[in-house]
Protein chains: 2
Amino acid sequence: MRADAQRNRDRIVEVARQVFREQGYDASLDLIAKQAGVGPGTLYRHFPTRDDLIDAVMQAWVHHVEETADKALAHEGGPRERLLNWFEEYVRLISVHKGGPAKITGAMGDEASPIRTKCQVLQSAGGRVLDQLRAEDAVRDDVTSLQVARLVGGVATVADASELDLEAVRPMLEVVADGLLK
Amino acid sequence: MRADAQRNRDRIVEVARQVFREQGYDASLDLIAKQAGVGPGTLYRHFPTRDDLIDAVMQAWVHHVEETADKALAHEGGPRERLLNWFEEYVRLISVHKGGPAKITGAMGDEASPIRTKCQVLQSAGGRVLDQLRAEDAVRDDVTSLQVARLVGGVATVADASELDLEAVRPMLEVVADGLLK
DNA sequence: CGACAATACGGAGACTGTCTCCGTTTAGCA
DNA sequence: TGCTAAACGGAGACAGTCTCCGTATTGTCG
């Protein structure tokens with residue numbers, strides 16, 4: 001890629017991250033282009049769809065997911081507490097941008113989605129936590145990590161749409177956790 | 001209301017119901033107006049926001065909700081089966097239109113939403129089923145009917161977005177049910 | 001019945017966001 | 001330094017939302 005192209009691409013992603021944070025994932029793309037000092041054509045050449053741009057914005061966030069899963073695995077306490085802790089972190093992770101939970105959870109399991117790699121990272125991070133609990137024979141084994149991601153993602157989606165805080169979300173996560181534990 | 005106004009209003013609702021069913025809740029309102037043979041101004045005078053129109057479209061559906069809850073109460077089988085049966089019916093009820101689960105579940109508990117009455121009907125229908133199970137001391141009592149509506153609505157929202165069929169939804173509903181039962 | 005408010009209609013058009021096309025510019029290489 | 005492939009960017013087509021206001025219709029009252 002030519003140096004100027006790289007420069008523009010980086011600036012677009014940077015601006016997009018900020019605008020998405022302020023206005024949610026349905027912010028105007030032309031506005032992002034303008035703020036980045038490029039024409040709409042340039043933005044759309046780099047990112048043909050909104051999801052492609054979102055995917056780029058999420059790039060940095062992947063490491064954060066891995067780290068959070070590591071912490072959840074090392075978390076002290078019983079299985080229920082560890083599972084709940086991960087669920088809360090999961091909700092937090094996918095709720096950084098308004099509309100994020102719906103976007104991410106909707107793309108979960110969709111092989112054709114532009115953000116599929118991000119979903120896979122999330123899903124496998126959750127899978128690791130789940131595997132740990134399974135090794136202790138603490139959770140039922142007829143449920144896949146995809147299903148768990150969808151369940152918790154569903155809670156996060158509702159919380160995002162209804163603007164609930166984590167405190168209001170906790171009891172719902174408890175129900176899911178208790179339904180999952182043996 | 002003037003007779004011609006009533007006539008137009010009825011026609012708009014009828015057309016909207018059909019278009020929403022075919023295209024989902026984000027169909028073009030101007031198109032609905034055109035198909036109903038009225039100008040956009042007329043549509044927007046009757047229904048200032050999209051949600052107001054959706055609310056009108058849902059009017060007939062209210063009785064169906066009540067009926068379904070009655071059936072669920074009379075359903076034979078143990079608590080788990082009855083609860084699951086209601087959950088499945090609930091998902092079916094709010095999934096008649098694409099985008100419906102998100103719309104309805106997002107408005108749940110929002111006193112200012114134009115579709116609040118519909119949400120209340122749903123919530124109280126679910127409350128009746130829950131109360132029956134509570135009377136049998138079958139479900140935990142630290143969870144409100146609003147929280148249950150959000151949990152199941154969250155599952156429905158994800159299923160709608162990912163185009164999952166009821167068969168794929170069932171295991172997730174089982175987790176929620178098991179987390180709820182004592 | 002006929003006229004006159006009051007009520008309702010409808011469509012032109014302003015506005016916003018998406019996305020493309022293509023003439024112009026620029027980077028990087030030879 | 002000159003050339004070419006790559007990249008730019010903005011005008012503008014298109015679609016959806018929503019409003020304004022001149023026009024038409026309704027229903028009532030003398």
Side-chain angles (χ1 to χ4, degrees), chain A residues 1-57 97-100 102-103 106-107 112-115 161, chain B residues 1-57 97-100 102-103 106-107 112-115 161:
Chain A
M1 177 162 359
R2 240 168 65 173
D4 56 341
Q6 184 68 57
R7 216 164 33 235
N8 278 328
R9 192 184 186 284
D10 291 348
R11 188 135 87 268
I12 290 168
V13 172
E14 195 182 332
V15 168
R17 189 175 350 255
Q18 192 178 331
V19 172
F20 283 154
R21 195 178 299 274
E22 284 165 8
Q23 307 187 18
Y25 275 143
D26 51 357
S28 160
L29 297 186
D30 275 26
L31 180 130
I32 290 172
K34 186 177 288 187
Q35 286 208 16
V38 302
T42 300
L43 187 147
Y44 283 97
R45 198 170 338 95
H46 285 298
F47 309 102
T49 72
R50 177 181 296 273
D51 279 353
D52 289 315
L53 179 54
I54 290 174
D55 184 69
V57 165
H97 296 141
K98 182 139 187 77
K103 191 110 240 165
S113 167
I115 61 170
Chain B
M1 178 166 347
R2 242 169 65 173
D4 57 340
Q6 184 69 59
R7 216 165 30 236
N8 277 329
R9 191 185 188 284
D10 291 348
R11 187 135 88 269
I12 290 169
V13 172
E14 197 182 331
V15 169
R17 191 177 345 257
Q18 194 178 329
V19 173
F20 283 154
R21 195 178 300 272
E22 285 164 8
Q23 307 188 18
Y25 274 143
D26 52 356
S28 158
L29 298 185
D30 275 26
L31 180 131
I32 290 172
K34 187 178 285 186
Q35 285 208 16
V38 302
T42 300
L43 187 147
Y44 282 96
R45 199 170 333 97
H46 284 299
F47 308 102
T49 72
R50 176 180 296 271
D51 279 352
D52 289 315
L53 179 54
I54 290 175
D55 183 69
V57 165
H97 297 140
K98 183 141 186 74
K103 192 111 238 168
S113 168
I115 61 170

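In this text, all values refer to a predicted model and were calculated from it rather than measured experimentally. Naming convention: chains lettered A, B, ... in sequence-line order (proteins, then strands); numbering from 1 in each chain.
When the local axes at the two ends of the helix from C:dC1-D:dG30 to C:dA30-D:dT1 are compared, using 5 base pairs at each end, they differ in direction by 20° after rounding to 10°.
Of the two residues near DNA chain D, B:Tyr44 and A:Gly41, the one whose nearest nucleotide lies more 5' is A:Gly41.
A donor-acceptor contact shorter than 3.5 Å is absent between the side chain of B:Arg9 and the backbone of B:Phe47. Of the possible donor and acceptor atoms, none in the side chain of A:Asn8 sits under 3.5 Å from a partner among the backbone N and O of A:Ala5. The closest donor-acceptor contact from the side chain of A:Asp10 to the backbone of A:Arg7 lies at 3.5 Å or more, if one exists at all.
Residues passing the ring-ring contact (aromatic ring centres under 6.0 Å, His included) test with B:Phe20 are B:Tyr25, sequence neighbours excluded. Shown here are the side-chain hydrogen bond (donor to acceptor under 3.5 Å, both in side chains) partners of A:Arg2, two or more places apart in sequence or in another chain: A:Asp4.
Spacing between atom CZ of A:Arg11 and atom P of D:dA7 amounts to 16 Å, rounded to whole angstrom units. Rounded to whole angstrom, the span from the CZ atom of A:Arg7 across to the P atom of D:dA7 amounts to 13 Å.
To the nearest 0.5 Å, the span separating CD1 on B:Ile32 from CZ on B:Arg50 amounts to 7.0 Å. Of the inter-residue distances, the one linking A:Gln6 atom CD with A:His46 atom NE2 reads 8.5 Å to the nearest 0.5 angstrom.
In summary, contact between chain B and DNA chain C, defined as any nucleotide atom under 4.0 Å from a heavy atom of the protein, begins and ends at C:dA6 to C:dA12 in the 5' to 3' direction.
Using a 4.0 Å cut-off between charged nitrogen and carboxylate oxygen, A:Asp51 and A:Lys103 count as a salt-bridge pair.
Within residues 30-40 of chain A, the residues approaching DNA chain C are A:Asp30, A:Pro40, by heavy-atom distance under 4.0 Å. Contacts of residues 45-56 of chain A with DNA chain C (heavy atom under 4.0 Å): A:Arg50.
Side-chain contact between B:Leu53 and B:Tyr44 is absent, with no heavy atoms from C-beta onward closer than 4.5 Å. For the pair A:His97 and A:Val57, the minimum side-chain heavy-atom distance is below 4.5 Å.
Among the nucleotides D:dA7, D:dT17, D:dT26, the one closest to any side-chain atom of B:Leu29 is D:dT17.
Counting any heavy atom pair closer than 4.0 Å across all strands shown, A:Thr42 reaches a base atom.
Crowding of B:Gln18 atom CD: a count of heavy atoms from other residues, nucleotides or ligands under 6.0 Å not exceeding 12. Within a 6.0 Å radius of CD in A:Glu14, no more than 12 heavy atoms belonging to other residues, nucleotides or ligands are found.
The shortest heavy-atom contact between A:Ala161 and B:Gly106 is CB-CA, 4.1 Å.
Taking 3.5 Å as the limit, the base of D:dA7 and the side chain of A:Arg2 contain no donor-acceptor pair of atoms between them.
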